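What you see is a predicted model, and the numbers here were worked out from it, not measured in a lab.
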Amino acid sequence: MTIRPLLLLAALAAASPALAAGPLQVASKVMVEARQRAADGTTRIALVPAHRVVPGDRVVFTLAYRNTGAQPLADLVFDNPVPSGVAYRAPAPNSPAPELSVDGRRYGTLAQLGAVEPDAVTHVRWRLARPLAPGASGTFAFQAVLK
């Protein structure tokens, strides 16, 4: 089915905001896991831009942020909706675990939300514990699967 991947990519772009005005710069991208064969015959998994995805593909959503202003930015919360057609799986390696929600209002771990399957997650959210210093930056990421 070729229309579904194209619609999903449009949904991914809409669900992944890129903010360019003001001192907080935010950019997002979606990568897909691809198997690559090395010269020695081994296979490794690499992340490549998600130009075309099909059901079952594993994707990684990355949110990069930076304070380009002269003052620290406090009380920052990054809320990322999980597009329909995508099932949340886990935080990406080297990324802190996000708070999760199944309704966009109540957040917590899967255990705190009750007997909820990862497929029910509709939003992921990260909070910065400390103000973001001028010039400071970071990334958050989570893994998902295309339904």
Quiz item: Say you draw a straight line from OG1 of T139 to CZ of R66; how long is it, rounded to the nearest 0.5 Å?
Solution: 12.5 Å
Self-check item: P134 versus G69, closest heavy-atom pair with distance
Solution: CB-O, 3.2 Å
Exercise. Could I get the full list of side-chain contact (heavy atoms from CB on, under 4.5 Å) partners for V121, not counting sequence neighbours?
Key: V82, Y88, L100, L110, V124
Practice problem: Report the C-alpha distance between R89 and D119 in whole Å, list the side-chain angles of each, state the deciding distance to 0.1 Å, and finish with yes or no for salt bridge (charged side-chain N to carboxylate O under 4.0 Å, His left out). | Solution: CA-CA 8 Å; R89 286 297 172 250; D119 288 9; 2.5 Å; yes
Exercise. State yes or no: do V59 and I45 share one hydrophobic cluster built from I, L, V, M, F, W and Y residues joined by side-chain heavy-atom distances below 4.5 Å, directly or via other members?
Key: no
Practice problem: First locate atom CZ of R125, then atom OG of S101, and finally report the distance between them rounded to the nearest 0.5 Å. | Solution: 7.5 Å
Quiz prompt | Contact summary for H123 and P81, nearest pair of heavy atoms | solution = CD2-CA, 3.8 Å
Exercise. First locate atom NE2 of H51, then atom CE of M31, and finally report the distance between them rounded to the nearest 0.5 Å.
Key: 8.5 Å
Quiz item: In this structure, are over 12 heavy atoms from other groups packed under 6.0 Å from D75 atom CG?
Solution: no
Quiz prompt | Nearest-0.5 Å distance that lies between atom CG in L63 and atom CZ in F142 | solution = 9.5 Å
Exercise. Taking all non-hydrogen atoms of both residues into account, name the closest pair between A144 and V86 and its distance.
Key: CB-CG1, 3.3 Å
Exercise. Check the pair W126, F140 against ring-ring contact (aromatic ring centres under 6.0 Å, His included), reporting the backbone distance first and the verdict last.
Key: CA-CA 8 Å; W126 295 271; F140 297 120; 4.9 Å; yes
Quiz item: In Å and rounded to the nearest 0.5 Å, what is the CG to CG distance from L132 to N67?
Solution: 5.0 Å
Quiz item: Can you name the closest pair of heavy atoms from V60 and A141 and give their distance?
Solution: CG1-CB, 4.1 Å
Self-check item: Student check: side-chain heavy atoms of T42 and R37 closer than 4.5 Å
Solution: no
Quiz prompt | Distance-minimising heavy-atom pair for P96 and P91 | solution = O-CB, 3.9 Å
Self-check item: side-chain contact (heavy atoms from CB on, under 4.5 Å) against R44, all qualifying residues, sequence neighbours excluded
Solution: Q36, A46
Self-check item: Gap separating the CG atom of L73 from the OG1 atom of T68, nearest 0.5 angstrom
Solution: 8.0 Å
Quiz item: Are V30 and V32 grouped together when hydrophobic residues (ILVMFWY) are joined by side-chain heavy atoms under 4.5 angstrom apart?
Solution: yes
Quiz item: Do V77 and L24 belong together in a cluster built from hydrophobic side chains that touch within less than 4.5 Å?
Solution: no
Quiz prompt | With Q143 via side-chain hydrogen bond (donor to acceptor under 3.5 Å, both in side chains) - residues at least two apart | solution = none
Quiz prompt | Minimum side-chain heavy-atom gap R127-L76 below 4.5 Å | solution = no
